[in-house]
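Inspection log for the structure reproduced underneath, given as structure tokens.
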Protein chains: 4
Amino acid sequence: MNDQPIPARPGRKRSEESRLAILTAAFQLVEEVGYAGLTIEGIAARSGAGKQTIYRWWPSKADVLLDALAAKANLHIPIPDEGSYAADLRTFLTASFKLGRDRRVMGVLRALMAHAQIDEEFGERFRNSFLQRRRDALAIIVDRAQERGDLPAVPSPGTIADIVFGTLWYRVLATRQPPDDRLADELVTILGGPQPGTAPPTSTQRKHR
Amino acid sequence: MNDQPIPARPGRKRSEESRLAILTAAFQLVEEVGYAGLTIEGIAARSGAGKQTIYRWWPSKADVLLDALAAKANLHIPIPDEGSYAADLRTFLTASFKLGRDRRVMGVLRALMAHAQIDEEFGERFRNSFLQRRRDALAIIVDRAQERGDLPAVPSPGTIADIVFGTLWYRVLATRQPPDDRLADELVTILGGPQPGTAPPTSTQRKHR
Amino acid sequence: MNDQPIPARPGRKRSEESRLAILTAAFQLVEEVGYAGLTIEGIAARSGAGKQTIYRWWPSKADVLLDALAAKANLHIPIPDEGSYAADLRTFLTASFKLGRDRRVMGVLRALMAHAQIDEEFGERFRNSFLQRRRDALAIIVDRAQERGDLPAVPSPGTIADIVFGTLWYRVLATRQPPDDRLADELVTILGGPQPGTAPPTSTQRKHR
Amino acid sequence: MNDQPIPARPGRKRSEESRLAILTAAFQLVEEVGYAGLTIEGIAARSGAGKQTIYRWWPSKADVLLDALAAKANLHIPIPDEGSYAADLRTFLTASFKLGRDRRVMGVLRALMAHAQIDEEFGERFRNSFLQRRRDALAIIVDRAQERGDLPAVPSPGTIADIVFGTLWYRVLATRQPPDDRLADELVTILGGPQPGTAPPTSTQRKHR
DNA sequence: CAGTAAGCGAGACGGTACGTCAGGTCTTGGG
DNA sequence: CCCAAGACCTGACGTACCGTCTCGCTTACTG
């Protein structure tokens with residue numbers, strides 16, 4: 001038997017009620033007024049909390065939003081195991097892209113990615129607590145394929161993640177075109193290696209922009 | 001004879017001296033204090049211009065920076081024509097990634113991409129005056145390959161751009177790992193179609209993160 | 001002929017309108033909510049000015065109030081010249097005490113004297129711009145008496161001021177009993193030296209507290 | 001026999017240790033950081049007490065300081081009885097002025113007098129528990145003189161106190177010149193009535209400010 | 001000798017105001 | 001009409017303390 005790991009700190013406990021009210025307010029407000037219009041004061045006012053309570057627990061409004069996202073949105077993407085790399089990848093991408101089409105969630109994520117560029121310390125936190133977790137999920141699929149001998153030689157596992165998530169984020173951040181399932185298919189095709197019985201579509205002239 | 005297209009407006013001409021001083025100050029300051037620390041007042045003070053002069057000609061500090069980037073950094077990437085799609089793509093990517101390793105330039109571009117997420121109107125301008133031009137350059141290469149019959153069926157031209165620029169931006173924005181030539185090679189491999197005499201590297205176990 | 005003493009500074013001029021609105025608001029508010037309830041934010045809100053405008057021109061709310069007092073209240077006390085020290089002193093004291101019974105003015109002055117105890121730098125300003133001017137006025141009367149040979153040997157001129165203003169301020173600050181004309185008379189009696197034909201009142205038992 | 005006036009309440013007794021630690025901390029802190037910088041939180045931190053403990057027993061920081069003064073400084077002034085009004089007054093004034101030159105004590109008293117102007121309720125307490133006691137002491141001397149027939153007709157007993165304490169406080173609050181014994185002498189001279197064998201000093205020109 | 005009623009240090013809470021920063025606008029005098 | 005300077009109103013920042021409210025504990029009287 002070992003001692004209690006929590007040394008029973010003195011003083012009033014953190015209010016779960018306030019915590020939730022703040023996250024809810026942040027999530028509502030960012031939708032109503034946009035990230036540029038989101039302020040700590042606004043969150044405090046809407047949630048009925050004092051500003052200090054927010055500053056006590058979160059270093060910036062982006063951190064509040066990061067927590068709010070985790071608490072309020074279902075970001076879970078299951079990690080499939082369907083026997084083949086191509087199938088797993090397609091399932092993973094389809095689910096990811098579907099989430100990528102959720103305007104509310106992606107609005108917040110765009111803002112967080114933006115803030116991560118401007119605030120170095122938040123960038124670190126955002127990478128660790130969000131971006132890396134997505135890569136970890138994909139890595140499980142890739143590892144499994146590798147063990148199976150199912151994985152093409154090129155690209156390397158890290159690059160797979162760069163391509164997959166890069167393409168997704170680029171659509172969201174740069175072209176603002178929602179990532180659709182056709183894009184997922186194309187990615188599976190070029191990343192999945194030679195597919196048995198996957199007849200490539202005829203290369204008709206297509207216009208791009 | 002018709003009137004002058006420029007109606008020869010009365011009053012003092014715009015000062016080229018001020019314009020350049022402002023762009024120079026903006027470019028210096030963003031390096032010194034970061035985008036978060038960059039302010040219109042700071043640019044005015046450093047450049048010796050009045051705030052009004054900046055507001056008269058640019059709608060936001062990001063627009064100043066966008067102009068400053070064009071004026072101060074050589075962003076030119078030549079469009080190669082080396083006879084084969086794979087070769088052209090490799091050359092284009094190598095040059096693009098090289099620019100992507102320039103810390104100063106990418107620092108500014110990260111900031112602009114961030115601002116584009118937060119300010120919708122600037123986002124439009126940024127897409128049109130920067131992002132789309134890169135896509136247009138790549139499109140020329142792809143068009144040429146298509147005419148040559150050199151282009152793989154998958155992915156579609158638009159998706160090629162999404163993958164290429166997506167991967168590049170993702171490295172810059174998300175993983176903060178500078179895009180290297182190995183990554184360019186991998187992209188060429190999966191996008192270039194079956195290469196004559198390009199023996200794929202042996203698929204040894206590689207660790208990813 | 002000499003040059004203009006004002007070097008014609010560039011930039012927008014200070015707004016007289018704002019200045020007056022701020023002083024008026026401060027004077028109204030201190031009456032409504034008391035000095036403890038007076039805030040810079042409140043003055044800004046009431047006057048329609050920005051906080052920065054107040055901070056630009058006054059170092060503290062007490063300084064605003066000091067200016068407001070000068071602008072809004074008639075603090076003038078004429079310096080009499082009636083031929084005798086005792087008569088001049090009586091006139092001066094009567095006028096001073098009358099002002100000392102103005103609740104609005106004394107409310108502000110009590111607050112300023114209080115603030116002067118707490119903020120050393122304001123204390124300096126308050127002494128120079130208010131307290132010393134009162135002493136200067138009295139000094140003129142005393143000087144005149146001295147030239148006339150009309151002045152008692154004791155107390156010394158400086159002490160006269162200490163006693164006169166001390167007694168007045170003490171009533172205002174400590175006992176909160178408004179200074180009345182009887183008190184002025186008593187002060188004239190003990191400070192004015194032997195008065196021709198001023199029969200002292202019989203020393204009947206008087207209760208004090 | 002009647003009940004105990006204190007009903008012997010249950011529960012923990014007030015901690016004398018805390019009480020003293022708080023008063024000591026308050027007295028130290030006001031010297032170190034000045035009254036403006038003195039805070040309840042600071043006193044709590046320095047004394048090792050909880051804020052609640054302070055709020056339980058004192059209504060404001062000024063009240064803490066008032067108690068601290070009584071506990072930490074010797075404010076006692078003996079009431080002399082030397083046979084004549086003039087002598088008693090001189091002794092009383094000399095002792096009072098000596099205390100008035102103690103920088104530490106007067107620093108605190110200035111702050112308390114200031115606070116009394118701003119906080120009406122504390123003002124009441126300060127008057128009753130401090131100012132009035134000083135007046136009471138002087139009143140004993142005056143009463144004795146009156147019984148002896150030693151008291152001049154003017155000024156009235158209450159006015160004597162106003163003049164004496166007014167002059168003292170004015171020096172402390174307004175001119176910031178420590179009250180010296182010469183001032184005491186002058187007050188005795190004008191308040192003590194015709195003194196046997198007190199030749200007035202020759203009225204040479206004296207400068208005042 | 002258990003029960004219970006304070007008092008205690010600690011510290012989180014909702015507030016209010018602080019003094020500062022920068023935004024974007026307006027005014028001035030000069031070119 | 002442009003320009004540098006700089007005052008203006010606005011709004012949010014992040015901080016400091018306020019006075020109040022739990023917490024878990026200690027202490028001491030009471031039934």
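Each chain gets a letter, A, B and so on, in the order the sequences are listed, and its residues count up from 1. This is a predicted model, so every value here is computed, not measured.
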field: B:W57 side chain near F:dC1 phosphate (N/O to OP1/OP2, under 4.0 Å)
entry: no
- request: Mark yes or no for whether D:S18, through its side chain, and D:S15, through its backbone, hold a donor-acceptor pair below 3.5 Å.
  value: no
- prompt: Would one find more than 12 heavy atoms of other residues, nucleotides or ligands at under 6.0 Å from atom CZ of A:R104?
  reply: no
message: Tell me whether the NZ or CZ atom of B:R19 lies within the 45° cone about the ring axis of B:W57 and under 6.0 Å from its centre.
response: no
- line: Taking for C:R12 and for D:T53 the nucleotide of DNA chain E with the nearest heavy atom, the one nearer the 5' end belongs to D:T53
Shortest side-chain distance from A:S18, nucleotide among F:dA7, F:dC2, E:dG14: E:dG14
Scan the side chains in residues 20-31 of chain C for donor-acceptor partners under 3.5 Å anywhere in the protein, sequence neighbours excluded, and list what turns up.
{"unit_1": "C:T24", "atom_1": "OG1", "unit_2": "C:L20", "atom_2": "O", "d": "2.8"}
{"unit_1": "C:T24", "atom_1": "OG1", "unit_2": "C:K72", "atom_2": "NZ", "d": "2.9"}
{"unit_1": "C:Q28", "atom_1": "OE1", "unit_2": "C:R46", "atom_2": "NH1", "d": "2.8"}

- line: Regarding the side chain of C:R56, the nearest nucleotide among E:dG14, F:dC8, E:dA12 is F:dC8
message: Side chains of B:K51 and B:E41, heavy atoms from C-beta outward: is any pair under 4.5 Å?
response: yes
- request: For B:I43 and F:dC3, give me the distance from atom CD1 to atom C1', rounded to whole Å.
  value: 17 Å
message: Side chain of B:S15 only, heavy atoms from C-beta on: which candidate in E:dC8, F:dC8, F:dC3 is closest?
response: F:dC3
- request: Calculate the interatomic distance between A:W58 atom CH2 and E:dA12 atom C1'; express it in whole Å.
  value: 13 Å
task: Measure the distance from CD on D:E17 to C1' on E:dG7 and round it to the nearest whole Å.
output: 13 Å
message: I need the CD1-P distance between C:I54 and E:dA17, as an integer number of Å.
response: 14 Å
field: First of B:S47 and C:G48 reached from the 5' end of DNA chain F, by closest nucleotide
entry: B:S47
message: Rounded to whole Å, please give me the gap between NZ in A:K13 and P in F:dT22.
response: 13 Å
message: Is the shortest side-chain heavy-atom distance between A:T39 and A:V33 below 4.5 Å?
response: no
- request: Starting at atom CD of C:E16, determine the distance to atom C1' of E:dT28, rounded to an integer number of angstrom.
  value: 17 Å
Minimum-distance nucleotide (side-chain atoms of C:A49 versus E:dG9, F:dC9, E:dT25): F:dC9
Listing time: all N or O pairs from protein to nucleotides 15-19 of chain F that are below 3.5 Å?
{"unit_1": "F:dA16", "atom_1": "N7", "unit_2": "A:Q52", "atom_2": "NE2", "d": "3.1"}
{"unit_1": "F:dC18", "atom_1": "OP1", "unit_2": "D:I40", "atom_2": "N", "d": "3.3"}
{"unit_1": "F:dC18", "atom_1": "OP2", "unit_2": "D:I40", "atom_2": "N", "d": "3.3"}
{"unit_1": "F:dC18", "atom_1": "OP2", "unit_2": "D:E41", "atom_2": "N", "d": "3.2"}
{"unit_1": "F:dG19", "atom_1": "OP2", "unit_2": "D:Y55", "atom_2": "OH", "d": "2.8"}
{"unit_1": "F:dG19", "atom_1": "N7", "unit_2": "D:K51", "atom_2": "NZ", "d": "3.0"}
{"unit_1": "F:dG19", "atom_1": "O6", "unit_2": "D:K51", "atom_2": "NZ", "d": "2.8"}

- prompt: Around B:E32, counting heavy atoms of other residues, nucleotides and ligands shown, do more than 12 lie under 6.0 Å from its CD?
  reply: yes
Atom-pair distance (CD1 on A:I22; P on E:dG15), nearest Å: 12 Å
